[in-house]
Amino acid sequence: MQYKRKEINKDSKLDSHSKSQSDYSRKPPFYFYLILFLIPVLFVIILELSLRIFNYGYDLSMWVEVSSGKLMLNPDVARRYFTNVKKPPSSIEDAFDKIKDKNAFRVFVLGESSAAGYPYMPMGSFSRYIRRRLELNYPHKKIEVVNLSLTATNSYTIRDFIPEIIKQKPDLVLIYAGHNEYYGALGAGSFESATGTREMINAMLFLNRFKTTQLIKNILKWLTSLITKSENPYSSGTLMSKMAKERHIAYNSEIYKAGLIQFEKNIYDAIKMLKSSGVPVIISTVVSNLKDQPPFVSVSNNNYPSAQSVYEEALSLYSKGNFKKADSLFRYAKDLDGLRFRAPEKINSIIRKISKNYNIPLVDVDSFFASISPGNIVGNNLMTDHLHPTLKGYQLIGRLFYEKMSELNFLPKDSKPKYKHEIQDSITISNFIFSKLDSTIADYRIKVLKNDWPFIDPNQKKSFDEICKPKNFIDSVALSYIKNKIIWMQAHEKVANICMKNGNLDGFLNHVTAIIYQYPFIKENLYQLEALAINYLKKQDYKNATKILEAEYKIKPNAFSSKWLGQIELSSGNIIPAIKFLEESISYDSTDTQVMYNLAGAYALNKEYIKAYNTVEKLIKLNSQYPGARALYNDLVNIINK
């Protein structure tokens, strides 16, 4: 058999090879890429859920529920901005309803330590003046002035808070900020600064809310600690002094300009979000101690004079009565100060520009403080230190904000104020709730502040006991609080109990009312006060009962205090004030038959027989068997028919 060679079809072989190559080069189906994308996404989601289930790290949500239906700023929320600080700052703990009441008027306040009321916090902030004035003028409204200000933060925090604030349906937002753009958390010269653009930092703040981010940051922090140890050489003192990384920031340097840019853009973003949501906002300039605070650091710079030399020239001009030129130089010296604990003048220029360009109402605190200061230059007359106002100063800031609110009709629209406008401020000041203990704590805070860098060399620092020498029990309690041995409420309880033990009812009430005003959602404190009043009433000790009832009425008028104040006035023969209190009590509780009976009797004694008749008629409809009601009704019918 003859073998015949089979011819190879070259074209067929090439076609097969081409087909094979085509199979290899074909793109994978779309779900292949979808799976590749979903795997890491699902991993992150599962990791995040697992971390939450096992309660890893801190809860960095905006709010926490502190009582049934009451919210407060989360004490841990500042950990969004502070990584290297063991004890981040917290707010002054203002609470508000989780579900906004139809009768509520809600205001949020944003800012830094000055807005929080340092050194008088929590009771002395300007927001407390606003709250007090609103409560006094609109007693039937549910007033919620919620101060969210945090020490050592800046415009990054304000911008970050805004979306969550908008969800709470505020009637108004007030902003007082600008001093912390360099050393506040994430500021241009801060130990808590972050690399990258402003947009990247704000994106990072959003991611900080997730537990996965906390885990990654903690791992990186642990790894970094193994390699190097970075420590702030000025680790004592206030939180702001610990935060200052770049201690010499020259005027018009790149870091200086970066602080201004971050402030302007962050505040603009915050205002844009509020305006787009229809939330009114008022912004304020910030004020500094110009005359009595020398520059902290004079930076050597060939382009500019030293801050100290300019400050000394300003003092010389001030002593000669050339106040206008002195003011200009005091402000220039502040701008040249290399340690940027006070906002440069450019910050206020930016605030005024934002107000003008975006039609935002402005409160010019800086100009007003200057206008009422000697030589029109702010100093220790209104400031406790370099930038924190006195108690009077804070009340003035509150007044300025309130006047602007009134001018723009940003007050409760469905009610008329109880008092005439021209007397509202004096009534607010006379009813301002502030204790002797709070005053002592503020004094000690300032002494501690000025006993450390940058006010003195840290090597010259004295102990707490050397600078805060207690002279009485209140001083001792204040010192314990400053040393973090007790919390604010415990301090007030200690003083209140000692006052009561010593028979000092006025002192007892001064501190108990402060507690109740600070934490109105802790009802037990109010119930104890009311029980004490009833005890005195049973003993017919109307003098002390009146003191307690007046203290409760001062916190916020209610059915109980106005009822018994009316009863006491009526039993004392003071008919007009009795009617006032009893009418007020009925406005809070229209079903209290005892109040109705006494009010009808008070009307009758005042010869207002028609009012008396109408009141006792309502009483009989509620309780036809109420003792004495039918007899009073018959007497009134006879009088009216004569």
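These numbers come from the heavy atoms of this one structure, side chains and all, not from hydrogens, waters or symmetry mates.
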Requested in this report: Please confirm whether Phe108 and Phe96 have ring centers closer than 6.0 angstrom.
Outcome: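 Ring centres of Phe96 and Phe108 closer than 6.0 Å.
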Query raised in the report: Between Tyr156 and Tyr81, does the ring centroid distance fall short of 6.0 Å?
Result: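 Judged by ring-centre distance (under 6.0 Å), Tyr156 and Tyr81 do not meet the cut-off.
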Requested in this report: Show the numbers, then the answer: is there a side chain to side chain contact (heavy atoms under 4.5 Å, CB included) between Val448 and Ile467?
Outcome: CA-CA 7 Å; Val448 170; Ile467 60 170; 3.9 Å; yes
Atom of [X], atom of [Y] and distance for their closest heavy-atom approach:
{"X": "Pro389", "Y": "Pro119", "value": "O-CD, 4.3 Å"}
{"X": "Leu150", "Y": "Pro89", "value": "CD2-O, 4.0 Å"}
{"X": "Phe296", "Y": "Asp337", "value": "N-OD2, 2.9 Å"}
{"X": "Ile255", "Y": "Gly189", "value": "CG2-N, 4.4 Å"}
{"X": "Asp97", "Y": "Lys142", "value": "OD2-NZ, 2.7 Å"}
{"X": "Gly393", "Y": "Phe369", "value": "O-CZ, 3.4 Å"}

Drop me the distance from [X]'s [atom1] to [Y]'s [atom2], to the nearest 0.5 angstrom.
{"X": "Ser406", "Y": "Arg133", "atom1": "OG", "atom2": "CZ", "value": "7.0 Å"}
{"X": "Phe323", "Y": "Asn376", "atom1": "CZ", "atom2": "CG", "value": "8.5 Å"}
{"X": "Met383", "Y": "Ser114", "atom1": "CE", "atom2": "OG", "value": "6.5 Å"}
{"X": "Met489", "Y": "Ile515", "atom1": "CE", "atom2": "CD1", "value": "6.5 Å"}
{"X": "Leu174", "Y": "Phe410", "atom1": "CG", "atom2": "CZ", "value": "10.0 Å"}
{"X": "Ile175", "Y": "Leu362", "atom1": "CD1", "atom2": "CG", "value": "11.5 Å"}

A side-chain contact here means heavy atoms from C-beta on lying under 4.5 Å apart; do [X] and [Y] qualify?
{"X": "Tyr129", "Y": "Leu396", "value": "no"}
{"X": "Val77", "Y": "Phe161", "value": "yes"}
{"X": "Tyr402", "Y": "Asp425", "value": "no"}
{"X": "Leu134", "Y": "Leu411", "value": "yes"}
{"X": "Asp385", "Y": "Gln293", "value": "no"}
{"X": "Arg80", "Y": "Met62", "value": "yes"}
{"X": "Thr151", "Y": "Tyr118", "value": "no"}
{"X": "Phe105", "Y": "Tyr138", "value": "no"}

Return yes if a side-chain donor-acceptor contact under 3.5 Å exists between [X] and [Y], otherwise no.
{"X": "Tyr481", "Y": "Arg445", "result": "yes"}
{"X": "Gln168", "Y": "Glu164", "result": "no"}
{"X": "Asn289", "Y": "Asn380", "result": "yes"}
{"X": "Asp366", "Y": "Thr285", "result": "no"}
{"X": "Gln518", "Y": "Arg128", "result": "yes"}

Can you check whether [Y]'s main-chain N or O pairs, donor with acceptor, with [X]'s side chain at less than 3.5 Å?
{"X": "Asn74", "Y": "Asp59", "result": "yes"}
{"X": "Glu181", "Y": "Ala188", "result": "no"}
{"X": "Thr153", "Y": "Glu112", "result": "no"}
{"X": "Ser149", "Y": "Gly111", "result": "yes"}
{"X": "Asn180", "Y": "Ala185", "result": "no"}
{"X": "Tyr182", "Y": "Phe341", "result": "no"}
{"X": "Glu144", "Y": "Ala104", "result": "no"}
{"X": "Asn266", "Y": "Ile158", "result": "no"}
{"X": "Thr428", "Y": "Gln424", "result": "yes"}
{"X": "Ser298", "Y": "Gln308", "result": "yes"}

Query - Phe401/Val107 under side chain to side chain contact (heavy atoms under 4.5 Å, CB included): CA gap, chis, key distance, verdict - result: CA-CA 12 Å; Phe401 269 111; Val107 181; over 6 Å; no
Can you tell me if [atom1] on [X] sees more than 12 non-hydrogen neighbours from other groups inside 6.0 Å?
{"X": "Lys272", "atom1": "NZ", "answer": "no"}
{"X": "Lys413", "atom1": "NZ", "answer": "yes"}
{"X": "Lys325", "atom1": "NZ", "answer": "no"}
{"X": "Lys265", "atom1": "NZ", "answer": "no"}
{"X": "Lys450", "atom1": "NZ", "answer": "yes"}

Query raised in the report: Taking the six-membered ring of Tyr318, is the NZ or CZ of Lys291 close enough (under 6.0 Å from the centre) and on axis enough (within 45°)?
Result: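 Yes, a cation-pi geometry holds between Lys291 and Tyr318.
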Query raised in the report: Do Arg131's NZ or CZ and the ring of Tyr517 fall within the cation-pi criteria of under 6.0 Å and 45°?
Result: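 Pair Arg131/Tyr517 counts as cation-pi.
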Requested in this report: Could you label the plane-to-plane angle of the His492 and Trp488 rings as parallel, tilted or perpendicular, counting under 30° as parallel and over 60° as perpendicular?
Outcome: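 Plane angle between 30° and 60°, so tilted.
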Is [X] salt-bridged to [Y], going by a charged N under 4.0 Å from an acidic O?
{"X": "Arg331", "Y": "Asp327", "result": "yes"}
{"X": "Glu264", "Y": "Lys346", "result": "no"}
{"X": "Asp171", "Y": "Lys100", "result": "yes"}

Requested in this report: Give the C-alpha distance, both sets of side-chain angles, the deciding distance and a yes or no for side chain to side chain contact (heavy atoms under 4.5 Å, CB included) between Asn137 and Ile427.
Outcome: CA-CA 10 Å; Asn137 280 290; Ile427 288 174; over 6 Å; no
Query raised in the report: For Ile165 and Val279, what are the C-alpha separation, side-chain angles and deciding distance, and is it a side chain to side chain contact (heavy atoms under 4.5 Å, CB included)?
Result: CA-CA 10 Å; Ile165 289 172; Val279 178; over 6 Å; no
